[in-house]
Amino acid sequence: MEGSHFFLNIALYAWLDKGLGMNALIANVICWVVCVLFQYFTNRTWVFDGQVDSAAGFLKQMASFFGGRLFTLIVEEAILAVFITWLGFNSMAVKLVAQVVVIVLNYVISKLIVFKNKDSYICGKGVGLKLTKDKTNDMTVGNPVSLIIRFMIPMCLGNIFQQFYNIADSIVAGQFLGVDALAAIGSTGSLMFFVTGWLNGLSSGFAILVSQWFGAKQYDKMRHYVAMSIYLAAAFAIVMTIGFEALNEPILRLMNSPEDLMGSVKGYMGIIYAGLIVTAAYNSLAAFLRALGDSKSPLYFLIISAVINVFLDILFIVKIGMGVEGCAYATVIAQAISAVCCLIYIIKKFPILHLKKENFEVSFTSFRYLLALGIPMGLQFSITAIGTIIVQGAVNIYGSVYMAGFSAAGKIQNIIATVFVAFGATMATYVGQNRGAGKMDRVKAGMKYTQIMVLIWSVITMIIMFFFGKYMTWLFIDKSQTDVINVSVTYFHTVFWAYPFLGSIFLYRNGLQGLGYGLVPMLGGVFELAARSAIVMFIAGKTSFAGVCLADPAAWIAALIPLIPYYIYVMKKWSRGKRNCCLSGYNTENEKNKFRLAIMEDTVIMIL
């Protein structure tokens, strides 16, 4: 899969290039040979369902796959030759950008040429909606594993590109402006997560009702909730912009931001706050698309905006000399482009989302239903972010070297965790649609299979971070900065064992949210905050940096305390037939849909 290939390729290249001092072009070829076989069988089996019946067909398919990968290898070699060998750019930074280009090309070639299926259906082999007729994705029919993986891959790539915004800022700032600039931008990561996480949580919560009504085939009701979501998202973005602009400096002082970095950090965050309206717009539009089963289109728009963000970073910082504020302007402009692309695409390709005047008729009851799911999800993100802000404040006590090392480690870990996030977001849509359709047996099966996939990826990430985490930090800082690198390595070696718990958080939290339960996932965030706060209170400033790092594993384990037992309770309740079995008493699809709608409203009322 492209996400796994990305991490494997980057880690192996870092070891060969930086660890062994191998020539960049030779190291890149070795990485290609190691990864391409892995890619072929995973793409063929899970991503594109490219099974063939004959030996001749298999050989033809393999030849076209390797031919496509050879083409992208040549493209990547050309990029490395121009920017590393001839122009002398930072090797790891160029490799990262080249990998982004290759991922996009590989996906397009595999989708349109190698594993092309002229009679392709969205929902598996011959079941569901034809791609040529409808851009929606009905996840209530078809093989759960295949549906989940195919939906998750674009989600994962989209998360990588979304992370790429701040990562690009950090790479450019760290390479061209120095350690202080990296520390300034890195120290805002938890604060940005707090702000944007609230908006992302709101839009994701609103989209659950959209996906449930879509699954129930009640499209007028679905469009009404889309319109009400737009009202709420815009209102929250405006209020947050005003409030955070006014409290910008006081918040940074509460986080123990060093005085010598205060001006840079304040300017950076001020620009980010001013652009919250475009952040809210993209999150909402992308959430609507995902609620209808389309996880690919938001990815394409993120790719476009991520590339633009890189070029703007270089333009504003290297050419114009704007400093860290240039990174913030680049981020906001790129996000605005992504939001506009999303809107145009919905207008052109999704007539089911075309809103009418009556859809915008204000309903305070609908607002209440949306807020009952959106606020717990927003709080869940924000509570988690508050915990990371507390930890960041504790790290800031140790100085700029620890701030920079902790920042680099956090960004690398965020890239690794995009797979977990993608599985979680996939399950919110999958569970939401099947919940709306009353197919709880599919919900249970999907959760079980996804748990297995999460555990497999956890083992892979544990190996990568423990053995190759050091080399991946060279993306952000020169390898001569050994003190900063050692800080990152200390973090990786302290937390790597807890990744199975981190992955399970996203699975059960999003699964419960897809079922319509928002309160318990938020409670998991409260447990997470309490654990982080306890570690910081008793350890920060009183022991080594490694002690502070334990805050993350403690938080991940604590978050699962309410989530797993409550999920088991919910599924046992449904297995006893208190909900789903009642459908047998209804003879027509219309009667069944009315019953499902009553159940969804009953769930929201229980939350309230």
**Student:** With a 4.5 Å cut-off on side-chain heavy atoms, are Tyr282 and Ser305 touching?
**Tutor:** no
**Student:** Side-chain contact test, heavy atoms from C-beta onward, threshold under 4.5 Å: evaluate it for Thr429 versus Leu292 and give yes or no.
**Tutor:** no
**Student:** Looking at residues at least two apart in the chain, or sitting in another chain, which of them share a salt bridge (charged side-chain N to carboxylate O under 4.0 Å, His left out) with Arg509?
**Tutor:** none
**Student:** Tell me, please, which residues at least two apart from Ala554 pass side-chain contact (heavy atoms from CB on, under 4.5 Å).
**Tutor:** Ala531, Ile535
**Student:** Parallel, tilted or perpendicular: which fits the ring planes of Phe367 and Tyr231, with parallel below 30° and perpendicular above 60°?
**Tutor:** perpendicular
**Student:** Okay, side chain of Ser488, backbone of Gly405: is any donor-acceptor separation there less than 3.5 Å?
**Tutor:** yes
**Student:** Quick check: closest heavy atoms across Leu147 and Met139, and the distance to 0.1 Å?
**Tutor:** CD1-O, 3.9 Å
**Student:** Only counting residues at least two apart or in another chain, list the ones meeting salt bridge (charged side-chain N to carboxylate O under 4.0 Å, His left out) with Glu361.
**Tutor:** none
**Student:** Can any side-chain N or O of Gln433 pair as donor or acceptor with the backbone N or O of Ala291 at less than 3.5 Å?
**Tutor:** yes
**Student:** Quick one: does Tyr430's side chain have a donor or acceptor within less than 3.5 Å of a partner on Arg442's backbone?
**Tutor:** yes
**Student:** Using the side chain to side chain donor-acceptor pair (under 3.5 Å) criterion, which residues pair with Arg532? Sequence neighbours excluded.
**Tutor:** Glu528, Asp552
**Student:** Check side-chain contact (heavy atoms from CB on, under 4.5 Å) between Ser284 and all other residues, then give those that pass, not counting sequence neighbours.
**Tutor:** Ser203, Ala233, Phe288
**Student:** If you count heavy atoms of other groups shown closer than 6.0 angstrom to OH of Tyr402, is the number above 12?
**Tutor:** no
**Student:** I'd like to know if the side chain of Asp294 reaches the main chain of Arg290, judged simply by a donor and an acceptor atom lying under 3.5 Å from each other, with no hydrogens or angles considered.
**Tutor:** no
**Student:** Which heavy-atom pair separates Ala546 from Thr494 by the least distance, and what is that distance?
**Tutor:** O-CG2, 3.7 Å
**Student:** Please tabulate, for side-chain N and O atoms in residues 271-280, each donor-acceptor pair with protein atoms closer than 3.5 Å (sequence neighbours left out).
**Tutor:**
| residue | atom | partner | partner atom | Å |
| --- | --- | --- | --- | --- |
| Thr279 | OG1 | Gly275 | O | 3.4 |
| Thr279 | OG1 | Gln335 | OE1 | 2.9 |

**Student:** For the OH atom on Tyr566, are there more than 12 heavy atoms of other groups (residues, nucleotides or ligands in this structure) within a distance under 6.0 Å?
**Tutor:** yes
**Student:** What residues form a side chain to side chain donor-acceptor pair (under 3.5 Å) with Ser366, not counting sequence neighbours?
**Tutor:** His224, Ser363
**Student:** Measure across Lys266 and Asn248 and return the closest heavy-atom pair with its distance rounded to 0.1 Å.
**Tutor:** O-ND2, 3.0 Å
**Student:** Less than 4.5 Å apart, side chain to side chain, heavy atoms only: is that true for Val391 and Phe406?
**Tutor:** yes
**Student:** Which atom names give the shortest non-hydrogen contact between Ile416 and Trp457, and what distance separates them?
**Tutor:** O-NE1, 3.3 Å
**Student:** Please determine whether the number of non-hydrogen atoms from other residues, nucleotides or ligands lying under 6.0 Å from atom OH of Tyr219 exceeds 12.
**Tutor:** yes
**Student:** Just jot down the salt bridge (charged side-chain N to carboxylate O under 4.0 Å, His left out) partners of Lys444, sequence neighbours excluded, or say none.
**Tutor:** none
**Student:** Report yes if some heavy atom in the side chain of Ser458 is under 4.5 Å from a heavy atom in the side chain of Val454; otherwise report no.
**Tutor:** yes
**Student:** Can you give me the closest heavy-atom contact between Ala409 and Tyr491, atom names plus distance?
**Tutor:** CB-CD2, 3.8 Å
**Student:** Among residues at least two apart in sequence or on other chains, which ones pass side-chain contact (heavy atoms from CB on, under 4.5 Å) with Leu355?
**Tutor:** Arg223, Val226, Ala227, Ile230, Asn359, Phe360
**Student:** If you compare all heavy atoms of Ala394 against all heavy atoms of Val548, which two are closest, and at what distance to 0.1 Å?
**Tutor:** CB-CG1, 4.2 Å
**Student:** Can you list the residues that meet the side-chain contact (heavy atoms from CB on, under 4.5 Å) rule with Phe496, with sequence neighbours excluded?
**Tutor:** Met462, Phe466, Tyr499
**Student:** Apply ring-ring contact (aromatic ring centres under 6.0 Å, His included) to Phe501 and list each qualifying residue two or more places apart in sequence or on a separate chain.
**Tutor:** none
**Student:** Taking side chain to side chain donor-acceptor pair (under 3.5 Å) as the test, write out the residues that go with Glu245, two or more places apart.
**Tutor:** none
